[in-house]
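Take a look at the structure set out below.
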2 protein chains.
Amino acid sequence: MASIKDVAAEAGVSVATVSRVLNDHPSVSADARTRVLAAVQALGYRPNAVARSLRTDQTRTLGLVISDVLNPYFTKLARSVEEAARALGYSVIIGNADERPDLQDHHVRTLLDRRIDGLLVSPTDGGSPGMLDAARGGTPMVFVDRWIAGVDVPVVRADGRAAVRDLVAHLHGLGHRRLAIIAGPAATTTGSERVEAFREAMAEYGIPLPDAYIGQGDFQAESGRRVTEGFLDLAEPPEVVFAADNLMALGALDAIRARGMRVPDDIALAAFDDIPWFVHTDPPITAIAQPTGELGRAAVRALVDRIEGRPPQSVTLPARLVVRRSCGESPVTNRSQS
Amino acid sequence: MASIKDVAAEAGVSVATVSRVLNDHPSVSADARTRVLAAVQALGYRPNAVARSLRTDQTRTLGLVISDVLNPYFTKLARSVEEAARALGYSVIIGNADERPDLQDHHVRTLLDRRIDGLLVSPTDGGSPGMLDAARGGTPMVFVDRWIAGVDVPVVRADGRAAVRDLVAHLHGLGHRRLAIIAGPAATTTGSERVEAFREAMAEYGIPLPDAYIGQGDFQAESGRRVTEGFLDLAEPPEVVFAADNLMALGALDAIRARGMRVPDDIALAAFDDIPWFVHTDPPITAIAQPTGELGRAAVRALVDRIEGRPPQSVTLPARLVVRRSCGESPVTNRSQS
DNA sequence: CCTCCTCGTGGAATCGATTACACGAGGGAT
DNA sequence: ATCCCTCGTGTAATCGATTCCACGAGGAGG
């Protein structure tokens, strides 16, 4: 592959001049410029990004470490991050942590070894050692979706509190009183916050949230299935199951179907994170939608601000309730209303 | 960040010795080794992958350019590729072409600029200029899922021919005779092959495939909707719609629902590419499943073989039919059987 | 006509690693 | 005792860019 030296030779100038043309530095004569450009064309020369990065100490690359690429929410997030980054002249390298701290660490280290300019992380757990090192080590970093308390890093996320309250209001209005939740891992902020919001909203309606109605999931479909089976085995099973992410909702749906029960007639279902498929499930699923695209864009903006020396901003965007048919349609009265 | 010089100084040896320890070269005394290791530990030194790549002319990175990350089929493919690559000590940079040749070109060029060791591509169209240059330029390359005729690059893909025949047999057995297909872009191999396979299988049953029953889609949901509406507007609409990918099936489902029609009672639906959500749609959708994970692994294997100087192998794996309920359940006879 | 500035250019240092080559010390064979 | 080989180590070249500095030419101003 042709190097800058070959171009210089071909154009009859020094490498310095070639470099100047390529980075359109002002002091290059028109003549030299055309000769260099012609040589570049003739040789099909493309600058070696590796060499350039070594010298300039910047790669124009962002790292994105997410918990699970197979989760449509994160896929969409990754896509909007890549788009926003590209618009700003950055590339993105995605690392999939699969909800495993060790894998998260592997990716963070690999990305750091590659000297990425900045890191976007949706931390899998309370913070793997490598991640904390990176944060303290001064690597420009922004948390997205989830974050770690006590680490001084900007956070870009959605606040689902209001939407969860809307959901509980909706469920209450439909006459449901026994509400259960499939929670995410307590070590993740999204895992614990969603339970908290749910509990608080229920408290507003004077509905208790017994421990038996809090199932511990891990944001994967299989855990949704397992937890839901547990709920259905209870002497007094819940009337509603609220899954803290879309994959666990999928698992819940499986479990419910396996019992030959129907949604929403026998049991209602709602989920955090809205995805295109929820429109087409049987029945369409009521969900809390995050502004995923905007989240990705805001995260990139914050990170690039930080990289380029401007003060980065934490951003919190509201999520909103999308009512479909999985919680019942008409105001049904299961029990006497007060 | 600490460099190899700092480590050398700290350990009281030369940089050459440090490098030898790091790459566990045999001729280093035990004493020097322990001193270097201690210095590495003390400084939290991590080798600069950029510098190393410049010198060794290899990045231990693979590029993967796919057509659409939001398509679960490609997401899954990307994931299995990353896993397989990681197992072999390679990282993967994913480029999302969004079915756009210009974006595909952008990613190929960016990846080449970064001097990735090899490229995995699922070409969006007949072959963007940059991609063809890369192929001819000797960059190790493997096509996955789709390929380009006349370019000498190994191909790893699934053959759906037999599964399509099984599907047509299934539909025929259910009494369906008017079968329509939503095709993918003719410029992609998967786009044209699936139509061909469908046509041939129908010919075996003596069923014609009129042009009116071949709709031109682009592998995106919206095109599935549009084409399906066209089918439904025909004087004699088809009894079955077969979508050449999962997103177009989603669009088809939308269009059918919008007319207030029901699947499979009013019209049957089947899709190429099986995804987890198809189990949960209303009704569950009959689909042709590709061995996606195995495809990703085989592609990485072929590419790494090529990179490391072993002869790479093209691989073709069979797809298989997964019957669900979207084409009708019991053998219904709509018209007299011959 | 001389001086000073500006402009275009090239030489060479530099980034952080790997690695060919040289060299000295020590041990075994003769 | 001499020679030779092996082993451990260091010096320095190298990868492909960017960029500081020096230098010569040419124009403007006195």
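Keep in mind that the numbers below use all heavy atoms, side chains included, and drop hydrogens, waters and symmetry copies. Lettering of chains follows the sequences in order, A, B, ..., and the numbering in each one begins at 1.
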Report task. Would you sort out whether A/Thr17 and A/Arg33 count as a side-chain hydrogen bond (donor to acceptor under 3.5 Å, both in side chains), showing the intermediate values? Result -> CA-CA 8 Å; A/Thr17 299; A/Arg33 167 165 281 117; over 6 Å; no
Query raised in the report: Is there side-chain contact between A/Leu62 and A/Ile116, with at least one heavy-atom pair below 4.5 Å?
Result: no
Requested in this report: Report which part of the nucleic acid B/Val13 touches: base, sugar-phosphate, or nothing (heavy-atom distance under 4.0 Å, all strands).
Outcome: sugar-phosphate
Query raised in the report: Is the shortest distance from a Lys or Arg side-chain nitrogen in B/Lys5 or B/Glu10 to a carboxylate oxygen in the other one below 4.0 Å?
Result: no
Dump the pairs, protein N or O against N or O of nucleotides 20-22 of chain C, anything under 3.5 Å, distances to one decimal.
none

Query raised in the report: Taking OP1 and OP2 of C/dG10, is either one under 4.0 Å from a side-chain nitrogen or oxygen of A/Thr17?
Result: yes
Report task. Kindly write out the residues that satisfy side-chain hydrogen bond (donor to acceptor under 3.5 Å, both in side chains) with B/Thr189, not counting sequence neighbours, or none if the list is empty. Result -> none
Report task. Please determine if A/Asp105 and A/Arg109 form a salt bridge, counting it only when a charged side-chain N lies under 4.0 Å from a carboxylate O. Result -> yes
Sort me out a list of protein N/O and nucleotides 4-8 of chain C N/O pairs below 3.5 Å, or just none if empty.
none

Query - Residues forming a salt bridge (Lys or Arg N to Asp or Glu O under 4.0 Å) with A/Asp98, sequence neighbours excluded - result: B/Arg79
**Report entry** Nucleotide D/dT14, atom C1' - distance to CG of A/Asn48 in whole Å
**Finding:** 14 Å
Requested in this report: Could you state the atom-to-atom distance from NE2 of A/His25 to C1' of D/dT18 in whole Å?
Outcome: 10 Å
Which atoms of nucleotides 23-27 of chain D (N or O only) lie under 3.5 Å from a protein N or O atom, and what are those distances?
none

Requested in this report: Whole angstrom is fine here: how far is it from CG in A/Leu22 over to C1' in D/dT18?
Outcome: 11 Å
**Report entry** Spacing between B/Asp24 atom CG and C/dA17 atom C1', to the nearest angstrom
**Finding:** 16 Å
**Report entry** Where at least one partner belongs to residues 68-78 of chain B, residue pairs that pass side chain to side chain donor-acceptor pair (under 3.5 Å), sequence neighbours excluded
**Finding:** B/Asp68-B/Gln220, B/Asn71-B/Asp245, B/Asn71-B/Asn246, B/Tyr73-B/Asp145, B/Tyr73-B/Gln290
**Report entry** Global bending angle along the helix from C/dC1-D/dG30 to C/dT30-D/dA1, which compares the axes of five pairs at either end, to 10 degrees
**Finding:** 50°
Query raised in the report: Which one, D/dA12, D/dT18, D/dA17, comes nearest to the side chain of A/Pro47?
Result: D/dA17
**Report entry** Closest approach of B/Thr124 to B/Thr188 (non-hydrogen atoms, all atoms of both residues)
**Finding:** O-CG2, 3.0 Å
Requested in this report: Kindly write out the residues that satisfy salt bridge (Lys or Arg N to Asp or Glu O under 4.0 Å) with B/Arg100, not counting sequence neighbours, or none if the list is empty.
Outcome: B/Asp102
Query raised in the report: Of the nucleotides D/dA17, D/dA12, C/dG16, which one has an atom closest to the side chain of B/Val15?
Result: D/dA12
Query raised in the report: Given atom CZ of A/Arg115 and atom P of C/dG16, what is their separation to the nearest angstrom?
Result: 9 Å
Query raised in the report: To the nearest angstrom, how far is A/Asn23 atom CG from D/dG16 atom P?
Result: 17 Å
Report task. Not counting sequence neighbours, which residues clear salt bridge (Lys or Arg N to Asp or Glu O under 4.0 Å) with A/Asp218? List them please. Result -> none
Query raised in the report: Which pairs, with at least one residue in residues 37-56 of chain A and sequence neighbours excluded, count as a side chain to side chain donor-acceptor pair (under 3.5 Å)?
Result: A/Arg46-B/Asp113
Query - Nucleic acid contacts of residues 53-62 of chain A, taken as heavy-atom distances under 4.0 Å to DNA chain D - result: A/Leu54, A/Arg55, A/Thr56
Query raised in the report: Please give, in whole Å, the distance from C/dC15 C1' to B/Met1 CE?
Result: 15 Å
Report task. Check salt bridge (Lys or Arg N to Asp or Glu O under 4.0 Å) between A/Arg146 and all other residues, then give those that pass, not counting sequence neighbours. Result -> A/Glu99
